[in-house]
Amino acid sequence: MKIDELIQSVVLEALKKLYDFEASKESVQLQNTRKDFDGDITLVVFPFLRYSKKKPEDTAKEIGEYLQENVDEIKSYNVVKGFLNLEIDNNYWLGRIQKAWGDEIFGHQKPSEKQKTAMVEYSSPNTNKPLHLGHIRNNLLGYSLSEILKANNYHVVKTNIVNDRGIHICKSMLAWQKWGNQQTPENSGMKGDHLVGDLYVAFDKHYKAEIAELLNNGMSQKEAEDQAPSIQEARDMLRKWEAGDSEVVQLWKTMNSWVYEGFDTTYKRLGVDFDKIYYESETYLVGKDEVLRGLEEGIFYKKEDGSVWADLTDEGLDQKLLLRSDGTSVYMTQDIGTAKMRFKDFDIDKMIYVVGNEQNYHFQVLAILLDKLGYDWGKGLHHFSYGMVELPSGKMKSREGTVVDADDLMDGMVDVARKMAEELGKLDSLTQEEAEKTYEMIALGALKYFILKVDPKKNMMFNPEESIDFNGNTGPFIQYTHARIKSVLRKAAEKGLDIKENFAVSPTTISNKEKDLMKRITQFPEAVKEAGINYSPAVVANYCYELAKEFNQFYHDHPILTEQDSVVRDMRLLLSATVGKVIKSGMKLLGIEVPDRM
RNA sequence: GCCCCGGUAGCUCAGCUGGAUAGAGCAACUGCCUUCUAAGCAGUAGGUCAUGGGUUCGAAUCCCGUCCGGGGUACCA
């Protein structure tokens with residue numbers, strides 16, 4: 001039994017014996033003792049005063065006395081106001097570390113029979129432009145959340161819904177036909193998604209020019225936007241696509257394949273992947289059928305112009321469009337179809353959508369609509385709503401060219417990592433190839449940690465000039481700590497020293513810093529669990545940082561290999577090895593690799 | 001207008017379901033490499049937790065108002 005559970009139950013016992021009161025588990029508030037006080041675990045006694053009818057100090061003292069007598073691990077206690085600080089025997093912490101080192105899956109829950117299936121949708125790009133910083137946050141969160149859920153005994157299916165059809169891709173296709181000069185990724189050397197993205201921008205440029213001309217000729221803004229030849233042609237192309245025009249469909253397939261190749265490269269570099277990919281072109285008709293069924297069954301209604309709507313005023317919401325008057329489907333229609341297909345394809349217990357908070361309303365409505373359509377899982381959909389990434393210049397806007405491109409960003413960070421490492425002369429002993437691999441690892445580590453350490457729910461600021469940091473509370477700091485540990489372990493191996501798990505030390509030879517570090521390690525499973533419950537990779541990120549920081553403090557003033565007392569040396573070696581293992585394991589949950597040297 | 005989210009040090013962020021004197025990093029200043037990796041460690045300075053009320057033994061945390069910022073809001077996704 002873990003020490004806090006034990007203390008909790010003995011506290012309940014004490015309350016019964018001392019004050020004849022049956023308290024609830026929840027009323028026993030245990031927390032880690034603050035650094036400025038003596039002790040390891042603190043019991044807050046304020047809630048018990050009404051039963052003890054004594055002063056806080058006296059109540060704490062009585063409970064403290066009882067605990068010390070009945071819990072072997074409690075060495076001593078002290079009372080400060082209403083806080084009962086308990087000091088735990090050092091050997092207890094050492095025992096936990098010895099156990100943790102031997103535990104293959106320390107921090108993870110054992111996979112069990114009654115594993116639930118969670119499907120996590122993330123990434124969800126449009127196929128008309130390359131991935132940018134906003135997608136990066138999405139991808140990193142989705143991937144990390146999946147890893148964290150796996151560690152919490154979920155069977156996870158990572159999925160991606162690719163928005164591969166619609167007016168946006170037609171715009172790029174049209175631009176290619178008119179101004180593409182037969183360019184392909186092969187003959188231009190361009191990454192496919194960038195090539196298509198540039199065409200999209202080219203379309204927008206021409207379109208804008210046409211609008212300007214029409215405005216000059218006295219047309220209204222709205223009319224001009226509607227009448228411009230480019231947009232007319234794009235719409236025409238979309239109609240042809242929906243009609244299955246072979247030439248259009250062929251071009252569509254070709255250009256999408258360029259984009260997918262580009263995406264794959266970016267995904268691979270980011271270290272994310274998917275178990276199942278859905279394409280909107282394959283789900284939108286399913287959604288349309290569902291909407292039409294809803295219409296027949298009187299769940300939805302049709303307006304005079306032919307458009308189909310849902311009335312959500314009973315739910316305190318508005319009317320929601322489901323099919324346009326021309327019969328074409330909207331985003332909501334497609335999402336209904338995708339959801340239905342997923343629940344048909346998999347035995348899903350928990351469907352999680354990793355989508356930005358700007359779509360909170362959309363997912364609220366989606367859940368209600370699916371529920372109305374008779375799907376009992378509808379209300380159970382979970383929108384993992386994360387905040388936006390803001391730039392110093394404000395919000396990112398594709399058309400205004402203020403986006404930070406994902407590939408460019410990664411390239412830039414690798415450059416900085418390389419420069420930094422060269423200045424420090426850190427990787428001179430490595431081969432060129434090994435060094436490049438390490439730069440990549442550090443750059444990605446910096447980027448991923450920077451994004452994941454922030455509470456997902458909150459908007460965050462990213463300054464491309466300043467946010468690239470490798471010191472302090474950063475990924476590379478944690479990676480560096482791991483490399484340091486590995487270095488010590490290599491030297492230990494050279495000296496023929498093994499990591500021993502079973503040994504006893506005199507409790508007094510464990511320093512405060514060593515104990516702090518041991519306590520921190522034991523908190524890893526709680527951090528993983530909390531991250532799973534709250535859907536928050538940030539919990540794991542911040543834990544890893546605290547652990548690394550504490551290790552560095554320990555490392556600074558505790559010799560390991562040069563320690564004369566062999567038992568103390570073994571303990572420090574074990575402690576270091578365990579920290580290294582936990583850092584690696586924790587960072588893996590964030591999708592961050594850690595190097596053995598840097 | 002209405003709905004949702006946020007406001008903590010100059011900047012970027014922690015602060016768990018209310019608990020002790022509000023924590024990190026960056027930036028600034030000061031020390032520490034003949035000893036296991038200085039991408040490190042130690043220290044100084046920096047705060048009316050937007051603001052006004054309320055709830056209670058106790059509020060950055062919960063409730064209400066105000067101000068500021070962001071997002072959404074019936075044929076974009």
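Sequence lines set the chain letters: A, B, ... in the order given, protein chains first and strands last, and positions in each chain run from 1.
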Practice item. Give a yes/no answer on whether the side chain of R34(A) brings an N or O atom under 4.0 Å of OP1 or OP2 in G19(B). Key: no
Practice item. Could you measure between the two C1' atoms, the one in G19(B) and the one in U56(B), and give it in whole Å? Key: 12 Å
Practice item. Provide the distance between the two P atoms, one in A59(B) and one in G52(B), to the nearest whole Å. Key: 15 Å
Check your understanding: Between the base of A20(B) and the side chain of T42(A), is there a donor-acceptor distance below 3.5 Å?
Key -> yes
Review point. So what does E26(A) touch, heavy atoms closer than 4.0 Å: a base, only the sugar-phosphate, or nothing?
Key: nothing
Check your understanding: With respect to the side chain of S307(A), which nucleotide from C75(B), A38(B), G7(B) is positioned closest?
Key -> C75(B)
Exercise for review: Determine the Euclidean distance between corresponding P atoms of C26(B) and C3(B); express it in Å to zero decimal places.
Suggested key: 43 Å
**Study point:** Gap in Å between the two C1' atoms, one belonging to A27(B) and one to A45(B), rounded
**Key:** 12 Å
Exercise for review: Can you figure out which of C41(B), A77(B), G71(B) approaches the side chain of N126(A) most closely?
Suggested key: A77(B)
Check your understanding: So what's A42(B) paired with, Watson-Crick or G-U wobble, going by both distances under 3.5 Å?
Key -> U30(B)
**Study point:** Lys/Arg N to Asp/Glu carboxylate O, K513(A) vs D557(A), below 4.0 Å
**Key:** no
Exercise for review: May I ask you to say what Q479(A) touches in the nucleic acid, namely base, sugar-phosphate or nothing, with a heavy-atom cut-off under 4.0 Å?
Suggested key: nothing
Review point. So what does K320(A) hit on the nucleic acid, given a heavy-atom distance under 4.0 Å: a base, only sugar-phosphate, or nothing?
Key: nothing
**Study point:** Whether F83(A) stacks on the six-membered ring of G19(B) base, 5.5 Å and 30° limits
**Key:** no
Check your understanding: Planes under 30° and centres closer than 5.5 Å, is that true for F477(A) with the base of A39(B)?
Key -> no
Check your understanding: In this structure, which one of F46(A), F37(A), Y77(A) forms a ring-ring contact (aromatic ring centres under 6.0 Å, His included) with F83(A)?
Key -> F46(A)
Check your understanding: Which nucleotide in the list U37(B), G70(B), G72(B) gets nearest to the side chain of K426(A)?
Key -> U37(B)
Check your understanding: So, D415(A) and R418(A), do they make that salt bridge, N to O below 4.0 Å?
Key -> yes
Check your understanding: Rounding to the closest angstrom, what is the interatomic distance between C68(B) and U55(B) at atom P?
Key -> 28 Å
Exercise for review: Would you indicate what M388(A) reaches in the nucleic acid, counting non-hydrogen atoms under 4.0 angstrom: base, sugar-phosphate, or nothing?
Suggested key: sugar-phosphate
Check your understanding: Taking the C1' atom of each, how far is U17(B) from A60(B), in whole Å?
Key -> 16 Å
Check your understanding: Within the structure shown, what part of the strands sits under 4.0 Å from D596(A) by heavy-atom distance: base, sugar-phosphate, or nothing?
Key -> base
Review point. Where the side chain of Q29(A) is concerned, which of A77(B), G19(B), U21(B) is the nearest nucleotide?
Key: G19(B)
Point to revise | G15(B) versus G23(B) - spacing of their P atoms, nearest Å | key: 15 Å
Review point. Stacking check: are the rings of F46(A) and G19(B) less than 5.5 Å apart at their centres and under 30 degrees in tilt?
Key: yes
Point to revise | Integer angstrom distance from the C1' of C13(B) to that of G47(B) | key: 15 Å
Practice item. State whether Y386(A) and R137(A) meet the cation-pi test: NZ (Lys) or CZ (Arg) under 6.0 Å from the six-membered ring centroid, and within 45° of the perpendicular axis. Key: no
Point to revise | Sugar-phosphate only, base, or nothing, as touched by D305(A) at under 4.0 Å among non-hydrogen atoms | key: base
Review point. Parallel, tilted or perpendicular: which describes the rings of F462(A) and F450(A), with under 30° parallel and over 60° perpendicular?
Key: perpendicular
Practice item. List the steps, then state whether side-chain contact (heavy atoms from CB on, under 4.5 Å) holds for E563(A) with H558(A). Key: CA-CA 8 Å; E563(A) 168 61 39; H558(A) 293 72; over 6 Å; no
